[in-house]
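Computed from heavy atoms alone, side chains included, the values below leave out hydrogens, waters and symmetry copies. All ligand and atom numbering here is 1-based and tracks the order in the structure.
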Amino acid sequence: MKGCFITVEGTDGSGKSTQIELLMKYLTDKGLDIVFSREPGGTEISEKIREIILDIDNKNMTGTTEALLYAAARSQHVEEKIIPALEAGKIVICDRFVDSSIAYQGAARNLGADVIMQMNSFALHGLMPDMTLFFDLSPEKGILRKKNERALDRLEAEKLDFHKRVYEGYRMLCKMYPDRIVPIDADRSVETVHKDVVEAIDRLLKEKHYV
Ligand code: TMP
């Protein structure tokens with residue numbers, strides 16, 4: 001497929017949003033055609049599923065239901081938005097993708113990576129990211145940042161142990177996919193982290209003949 005698919009991952013509060021904003025500006029300034037999206041969400045239907053998943057009142061939601069809802073939102077997103085954008089040769093930057101399901105539902109909810117990949121075999125429609133940036137910040141620091149920002153959603157409100165398992169899930173993914181996932185130490189200044197992001201993205205753009 002044409003285009004370029006970049007995903008951004010990290011534990012809650014790892015500074016993803018700030019870094020995505022800077023990256024988008026960097027790429028737009030280069031005159032590149034960018035589409036931004038996020039998961040869960042990115043399309044009208046997927047955003048509605050997001051509301052159900054993150055609703056703090058849905059305390060009885062089982063891990064399996066949660067994983068299937070993320071996969072359903074993803075399926076709609078991939079077919080309706082991501083694949084068409086890539087086919088049009090665009091650079092798609094997505095805040096979270098299937099690695100989040102492996103870390104949160106697979107590792108933290110204990111469903112296992114294999115079950116999550118099985119569930120997502122429909123949702124992915126054969127698509128995987130060209131590059132994934134993983135913002136590496138300890139869960140203790142991340143969740144503290146979030147608490148200081150705003151009221152927490154259902155996933156953020158999980159106990160620290162849950163967030164530690166998410167983090168371990170990401171560490172496992174980094175070991176499994178060293179060619180795709182670029183770990184970036186997020187416990188540094190915004191500018192320093194951004195420099196590392198630019199270095200990784202420039203490498204990918206060259207490989208893909210965008211620059
Ligand atoms: P966000 O706050 O980064 O927008 O993500 C929403 C929450 O959903 C966040 O706590 C991570 C979680 N999540 C999963 O548990 N599984 C998934 O597949 C995705 C995409 C997100």
Side-chain angles (χ1 to χ4, degrees), residues 5-21 23-24 36-43 45-56 58-59 61-78 81-82 92-125 127-129 132-137 139-170 172-173 181 186:
F5 185 32
I6 300 163
T7 59
V8 181
E9 296 283 352
T11 48
D12 292 281
S14 58
K16 275 184 301 114
S17 310
T18 309
Q19 289 300 329
I20 288 172
E21 259 177 51
L23 173 61
M24 302 262 294
F36 169 74
S37 207
R38 70 166 181 181
E39 289 208 343
T43 69
I45 294 170
S46 311
E47 289 290 337
K48 284 183 184 163
I49 301 174
R50 177 187 175 99
E51 280 175 27
I52 299 172
I53 300 174
L54 298 183
D55 187 343
I56 195 94
N58 285 337
K59 291 194 170 54
M61 190 181 291
T62 69
T64 307
T65 304
E66 183 181 287
L68 286 167
L69 286 174
Y70 277 113
R74 179 163 304 126
S75 181
Q76 183 68 31
H77 186 213
V78 167
K81 188 168 178 184
I82 303 181
V92 178
I93 299 174
C94 191
D95 184 350
R96 300 193 179 282
F97 197 60
V98 70
D99 295 310
S100 281
S101 285
I102 296 175
Y104 283 78
Q105 284 68 53
R109 293 265 188 248
N110 288 316
L111 293 178
D114 291 347
V115 168
I116 297 303
M117 281 318 281
Q118 244 176 306
M119 284 182 179
N120 277 275
S121 60
F122 291 100
L124 293 171
H125 302 273
L127 182 71
M128 277 303 277
T132 299
L133 303 171
F134 167 57
F135 291 102
D136 187 337
L137 183 72
E140 287 88 347
K141 286 189 180 166
I143 211 64
L144 197 72
R145 273 191 197 171
K146 277 279 166 189
K147 272 188 187 150
N148 293 334
E149 270 175 24
R150 55 169 169 77
L152 302 181
D153 65 37
R154 196 173 60 85
L155 274 280
E156 289 161 351
E158 283 286 346
K159 296 198 172 63
L160 182 59
D161 254 14
F162 176 87
H163 294 285
K164 283 184 178 166
R165 290 198 298 276
V166 170
Y167 183 70
E168 288 313 317
Y170 275 125
M172 176 198 75
L173 281 163
I181 304 182

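S101 OG, 2.5 Å is the protein heavy atom nearest to atom 18 (O) of ligand 1. The shortest contact between atom 14 (C) of ligand 1 and any protein heavy atom is with Y70 CZ, 3.1 Å.
For the ring-ring contact (aromatic ring centres under 6.0 Å, His included) condition, the pairs that include at least one residue of residues 92-114, sequence neighbours left out, are F5-F97.
Against a heavy-atom cut-off of under 4.0 Å, Y104 is close to the following atoms of ligand 1: 10 (O), 11 (C), 14 (C), 15 (O). Which parts of ligand 1 touch E39 is read off a 4.0 Å heavy-atom cut-off, strictly below it: atoms 20 (C).
Taking each heavy atom of S75 and H125 in turn, the nearest pair found is OG-NE2, 3.1 Å.
For atom 16 (N) of ligand 1, the nearest non-hydrogen atom from the set R154, E158, Q105, R50 comes from Q105. Between atom 1 (P) of ligand 1 and the options H77, K146, R96, E9, the minimum heavy-atom separation is to R96.
Inclusion of D12 in the set of residues having an N or O under 3.5 Å from an N or O of ligand 1 is warranted.
Taking CZ from R74 and CG from L69, the interatomic distance works out to 11.5 Å, rounded to the nearest 0.5 Å.
Counting heavy atoms of neighbouring residues, nucleotides and ligands inside a 6.0 Å radius, atom CD of E140 exceeds 12 of them.
A donor and an acceptor atom, one from each side chain of E39 and S46, are nowhere located under 3.5 Å apart.
Not a single heavy atom of E66 lies less than 4.0 angstrom from ligand 1.
Here Q19 pairs with L22, F135, V190, V193, H194, V197 under the side-chain contact (heavy atoms from CB on, under 4.5 Å) rule; sequence neighbours left out.
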